Every structure is written in C-alpha cells, then in structure tokens.
Amino acid sequence: MNRTCIKRKNRNLHSKLLFPVLCLIAFVFIAFLIISIIYYKNTYYRHEIDNQREQLNKAVHAVSMIQTMTDNISKQIVVSEEVQNIPYQEKTPAEYFVTADKIQQMLRTYTFIMDYIKEIIIYTQDGDCYSSFSSRDKFEPDKQEWYTEFKKTNEGKGYTKVHQITTSQNGRKQKVLSYVLPYYAVTDYTQQLGNLIICLDYASIEKAAELDMSMLKGCAIFDKNGTKVFGEGKISLSYDELKYIDEGQFTDKKGNIYLVSGKLGSDWLMIVQISDKQMQKQILQIEVLIVFVFVMLAFFIILVLSHNIKKVVKPINSLSQAAEQFGNGNFDVSVEVHTGDEVEILGDTFNKMVQDVKYYTEMSVEHEKIIRRSQVDQLLLQINPHFIYNTLNSVVYMARLDGNREIEQFVNAFISLLQSTLRVEDKVYISLEEEIKNVENYLILQKYRYMDKFDETINCEEELKSYLVPKVILQPIVENAIFHGIAPKEGRGKLTISVSRSLEKLCIIVKDNGVGMSETMIMKLMNSEYADRGSMRKIGIANVYRRIKEICGEEYGFKIISKEGDGTSIVIELPLLKE
C-alpha cells in the first residue's frame, strides 16, 4: 500500500516538473533554431567564397611554381658553356656527334630536376636541333604547327598551345605544353643563337590547377591571347568579357560569382565560377540538418528528463546482473558505472574484486602447472638410480678383471657424476669443490668422446673451494663450450676454468678458444631454457642464468663475451657464501 502511494506521488511530481520545463525548452529551441538558420545563411556565402578563394590561390601558386621553375631552368641552360659554344663547334660529322652527345647529357640532367619536364630542345639559328631524347629522330620545329603558330604571334618567349610529342621508342605520344625562350650570345646580346624549347607534361599542369569542383560551375586558365590552357566545367562569360575584370571577386547581372586571379606568369589568367545552384542546395541541406539536430536534441532532453528516476536504478540493476554472472563463474564480467556517487564506488570495488579473483585463480592454476612440471622433471631424474649404480659397478668389476683401466676410469667418472646429479635433495647450494669435481668427471667422459680434441685447465685456490655455489651451474656452461665452441673447431682446443674473488663477489670464468658465437647465437642460447641432444633433454645456459637470478638475486648472473672465430668467455658472478 505504501509502495503504491509513493509511486503515485513520484509520478505526479514528475509531471508537474516536466510540463513547464518542456514548454520552456520548446520556446528556447524554436527561437534559437530561427536565429541559427538566419545566421548560417548570412555567413555561409562569405565562408564558401573564402574557401573557394583559398583553393584558387593554392592552384595559382602550384601553377606559378611550375612556371617559375621552368623559367629558372631555361635561363640556366641558355647561359651554359655547352649551349653558348654550339655555333663555334666544328661541323664535321664526328665533331657534331660529340657536340650532340655532350649537349644531350647536359639537357638530360635538367629533365631529372623536375618530373614534369618531358623534353628539352635546343634549336639553333643554323637549323641544328639538339634534344634530351637519345632516341629523337631528326626534328625540325619550323615544320611543326604548334611552333609555327607561336612564332606568328611574335611573342619572342612564352608558351605554345597544347600539342603532342613522342616520349619513347615505341611511338607513344604524350600531351605537352612547350615553353619557348630565344637565347643570345653572352658576349653580344644582340646576336640571337637560337631558341630553347622546354616541353612540360600537360597532365602535371592539369593536376597543379585541379580544383574541387563540387561547388564550382567551371574553372579555366587563359593565356594573354585568350587561348584556354586549361579548363573544366563551363564559365558563363567569355574571355573578352573577363579580361577587363580586376583581380578579386566579381558578380554578374544574373548573380553568378566569379573569382579572378592574375598572379600567373606569361600574363595567364585563372578564373573560377561558383555555382549558385550548388550553394543553395548546400544551404538547404545544412538547414534540414540543423532542424533535424534540434528536433533530436529536444527529444533526447525530454527522454532524459522523463526517465531520470529509471536512470538512478539502472546502474544498480547492471551491478546485480554482473554479480549474478560472477556467481555463475564468469570472471570476464565488469560493470561501467559513472554516477559520481556511492553506486560508482560500489561498481569500481566490484570490478576490482572480479579482477583480483581472476588473477589469483590464474596464478593458482599456473602454480599448479609448475608444480606438476617439476614433479615430472624430478621423476625423470629418479629412474631407479640404484639399479644404474649396481649395473655400472658390475661393468667396473669386469673391466678391472680384464685389466682395462680406461673403461674403469671412464665408468667411475660416470658413476660419480650420476651420484651427484641424480641425488634429489632440498639443498640449493653445494661447495665449489664439489661443483668442480662434477665438472672434472664430466670432462673425463667428454675426453673419451672427443679423443685428443681439447685440453682443460682449472685454476682455483684451495681457500676458494669452500665457498658455496648453486648446484649444477658449471656443467651446462662447460658443455656449451665443448659442443658449440671446441667441437666445430679445426685442430685441438683449450678450455680454461678460472676462479677468483673480487670484492664481495665470487668470479668464475669459463673460457674456450673455439669458433665463437654471433650475437644471434648468443640470443638463441639465452632464450632456450633446455638444450635438446638427441632424445635427451638437458639444462641450457639460459636455465642457469635464470636460476642464479632467482637464488642469488638480480645483481648476480653472468655475461657472455664472444666473437666469431675468436672463442668465447662466460664470466659468472656469485655471492661469497660459506657453510
């Protein structure tokens, strides 16, 4: 009964608060919508014209850069020594060939400066023609329509109309726009030596002058003779009507807007016409979008106000559902609560609890895997060692009866090594003397395998043998030195184990004069916990490095110093410990 009354009171209060707020929101939104549309319509024209003017200026700058670079390159070419000396060269075929080759090489270097330069031609007053194309057939510009038309204008220098040239031996033609520059003798500026022709890739000029036509009706570049160099779309006015327009903005009687730029070389004129139809269409689309956004925003605000109470309960429901999933064993569940109150603190605490439980559960599983792996490794080491000892002792007895001292010595060393390595104890450390003894037994076995392959030297003072070291740290390193260093080496090798004391550390150096190791090989060894030899799994030096760090501390370990062809040294640093 009480719960029903509370719901009715909340619902009435909700209606009383919501109705005046909705009326106020509707009034504000309608007024703001009208003001926004009027303001946008008044400013859009200016903004769009500014955008198109900026786009025009960029295109003009790009085309102007091509003109400037072309003009600079042409001036460098005509004053070059090779071009100036053409009239003074011998006319024999051999001399002409040498001159043509030299000029061609020089002109080719200039074509590499800019990708849009397709060909450079020197056309002398004597009718000789030199081209940057090595495969250019005899070329006579006076017989080309585009060249003769340009000469009729009496412009001297400037750009021809668009024409085609052959750019390769396969006869492929390409559209170009040629720049013609008459050049004179440096010593006598009244003496014209010929004309320089630079053929520019028309596609590059088109790309430089390319504009976004989405808001334009047309764009064009005209030369001073009214010839359209480049054009896209359609411009309503003719060139004769446009050439008297000052640089800037112009609106005709029909309301068409033109932007004019005369900042191009050779008296070129670039003009764009903004499409009034596209601008009106764009304004209409934006107005519709503004109305839609306002309506959606108003609807959203109403929805937020009407469901405010439900939103308070929503995070608690999410937290309850997440707790239920967590109780069913789903450790990936989480909740996102951003209420800024006690509910958010409760959600963050729940997420942290789930993460902690998941972490400790995974750690427990991983720990169990490590324990099982250790048990397997321990079982592998406990394969009935007494049976092995008894069998090997029988071999020793038979070798002694037969008088074979080598077999007896070999098997005794093997028994000693097995007794040390197969003994399962809780001890982490053993004495250095015992560790060295194990290495000596191991070396006895290896010397039978690698007969006359290496000599060994162990240098250790007696007082240092009483210090403690982690079990089985030298044998894997010595094994690595023999297998990877000495065994592949041609001739007899040498293995040296030196023990010394440095400050508060015990230093052990295992050195060989074998084939050495590259950085890649060192990284491979340090990343391999076990070394595989046939069907046996042996402890690798990476395992030794890790065990030293875990047992002795991060400040201890070893470093590998090696160079291919120059042997390897492993320097081990251990703490000074005694019984």
Side-chain angles (χ1 to χ4, degrees), residues 381 413 416-447 454-486 493-514 516-517 522-523 525-531 538-563 566-579:
L381 295 174
S416 298
L417 190 61
L418 285 177
Q419 288 175 339
S420 176
T421 56
L422 293 182
R423 185 168 59 246
V424 179
E425 298 176 345
D426 293 334
K427 291 171 59 177
V428 177
Y429 290 95
I430 63 173
S431 67
L432 178 59
E433 181 179 11
E434 186 177 354
E435 184 72 9
I436 291 176
K437 182 62 179 176
N438 292 336
V439 172
E440 289 175 342
N441 288 327
Y442 176 77
L443 289 173
I444 290 174
L445 300 179
Q446 294 303 322
K447 292 191 74 173
F454 66 90
D455 296 316
E456 78 281 359
T457 302
I458 301 178
N459 300 318
C460 181
E461 298 179 3
E462 288 297 325
E463 63 177 13
L464 299 178
K465 292 183 178 181
S466 60
Y467 285 103
L468 299 179
V469 297
K471 295 174 62 176
V472 195
I473 61 168
L474 288 182
Q475 184 268 332
I477 295 176
V478 171
E479 178 183 20
N480 182 77
I482 294 174
F483 284 129
H484 296 292
I486 296 175
K494 184 175 182 180
L495 177 69
T496 304
I497 302 175
S498 302
V499 184
S500 62
R501 175 177 175 175
S502 175
L503 298 177
E504 296 302 320
K505 292 183 179 180
L506 185 67
C507 182
I508 304 175
I509 300 176
V510 179
K511 181 178 181 181
D512 67 79
N513 64 343
M517 291 185 290
I522 293 175
M523 292 178 62
L525 288 175
M526 291 303 296
N527 291 330
S528 300
E529 185 174 355
Y530 294 96
K538 298 189 176 182
I539 297 175
I541 62 174
N543 180 280
V544 175
Y545 182 82
R546 179 180 57 79
R547 287 196 298 113
I548 292 176
K549 292 288 185 182
E550 291 177 353
I551 295 172
C552 303
E554 289 297 325
E555 66 270 27
Y556 301 102
F558 62 75
K559 59 182 178 180
I560 300 176
I561 304 172
S562 184
K563 183 178 180 182
D566 198 24
T568 302
S569 295
I570 298 182
V571 182
I572 309 170
E573 292 185 341
L574 301 172
L576 290 173
L577 298 176
K578 284 194 175 183
E579 289 284 356

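Keep in mind the model is a prediction, meaning the values are calculated, not measured.
Looking at residues two or more places apart in sequence or on another chain, you find no side chain to side chain donor-acceptor pair (under 3.5 Å) involving Ser569. Scanning for side chain to side chain donor-acceptor pair (under 3.5 Å) contacts around Glu461 gives an empty result, with sequence neighbours left out. Scored by the salt bridge (Lys or Arg N to Asp or Glu O under 4.0 Å) test, Glu555 finds no partners at all (sequence neighbours excluded). For Glu573, the salt bridge (Lys or Arg N to Asp or Glu O under 4.0 Å) partners are Lys505, not counting sequence neighbours. Contacts of Lys465 classified as salt bridge (Lys or Arg N to Asp or Glu O under 4.0 Å), with partners at least two apart in sequence or in another chain: Glu462. With sequence neighbours left out, Asp566 forms a salt bridge (Lys or Arg N to Asp or Glu O under 4.0 Å) with no residue at all.
Interatomic distance, CD1 of Ile497 versus CD1 of Ile509, reported as 11.5 Å (0.5 Å rounding). Put simply, CG on Asp455 and CG on Asn513 are 9.5 Å apart, with the number rounded to the nearest 0.5 Å. Rounded to the nearest 0.5 Å, atoms CE (Met526) and CD1 (Ile560) are 5.5 Å apart. Between the CE atom of Met517 and the NZ atom of Lys563 there is a distance of 14.5 Å, given to the nearest 0.5 Å. Distance check: Arg546 CZ to Ile551 CD1 gives 9.0 Å after rounding to the nearest 0.5 Å. Note that OG1 of Thr496 is 7.0 Å distant from NZ of Lys511, once rounded to the nearest 0.5 Å.
No donor-acceptor distance shorter than 3.5 angstrom exists from the side chain of Ser498 to the backbone of Cys460, with no hydrogens or angles considered. Without hydrogens or angle criteria, Arg547 side chain to Lys471 main chain gives a donor-acceptor distance under 3.5 Å. With hydrogens and angles disregarded, no donor-acceptor distance shorter than 3.5 Å links the side chain of Asp512 to the backbone of Ile486. With Gln475 contributing its side chain and Asn438 its backbone, the two residues share no donor-acceptor pair below 3.5 Å.
Considering every non-hydrogen atom in both Arg501 and Leu576, the closest pair reads NE-CD1, 3.2 Å. Nearest approach of Cys552 to Tyr429, heavy atoms of both residues: SG-OH, 3.9 Å. Contact record, Leu506 with Pro575: CB-O, 4.3 Å, taken as the closest heavy-atom pair.
Using a 4.5 Å cut-off on side-chain heavy atoms (C-beta onward), Tyr467 and Ser431 make no contact. Contact check for Ile508 versus Ile477: no side-chain heavy atoms found under the 4.5 Å cut-off. Side chains of Phe483 and Gln446 form a contact here, defined as non-hydrogen atoms less than 4.5 Å apart. At a threshold of 4.5 Å between non-hydrogen side-chain atoms, the residues Ile482 and Tyr442 count as touching. The shortest side-chain heavy-atom distance between Leu577 and Val469 does not fall under the 4.5 Å cut-off. In this structure the side chain of Pro476 never reaches within 4.5 angstrom of the side chain of Tyr545, judged on heavy atoms.
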Query - Candidate pair Leu443 and Phe454, rule side-chain contact (heavy atoms from CB on, under 4.5 Å), full reasoning - result: CA-CA 10 Å; Leu443 289 173; Phe454 66 90; 4.1 Å; yes
Report task. List the steps and the verdict of side-chain contact (heavy atoms from CB on, under 4.5 Å) for Val544 and Leu474. Result -> CA-CA 9 Å; Val544 175; Leu474 288 182; over 6 Å; no
Report task. Kindly determine whether His484 and Leu525 satisfy side-chain contact (heavy atoms from CB on, under 4.5 Å), including the steps that lead there. Result -> CA-CA 10 Å; His484 296 292; Leu525 288 175; 4.3 Å; yes
Query - Residue pair Ile473, Leu574: steps toward the side-chain contact (heavy atoms from CB on, under 4.5 Å) verdict - result: CA-CA 11 Å; Ile473 61 168; Leu574 301 172; 3.6 Å; yes
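The environment of Lys549 atom NZ is dense: over 12 non-hydrogen atoms of other residues, nucleotides or ligands sit within 6.0 angstrom.
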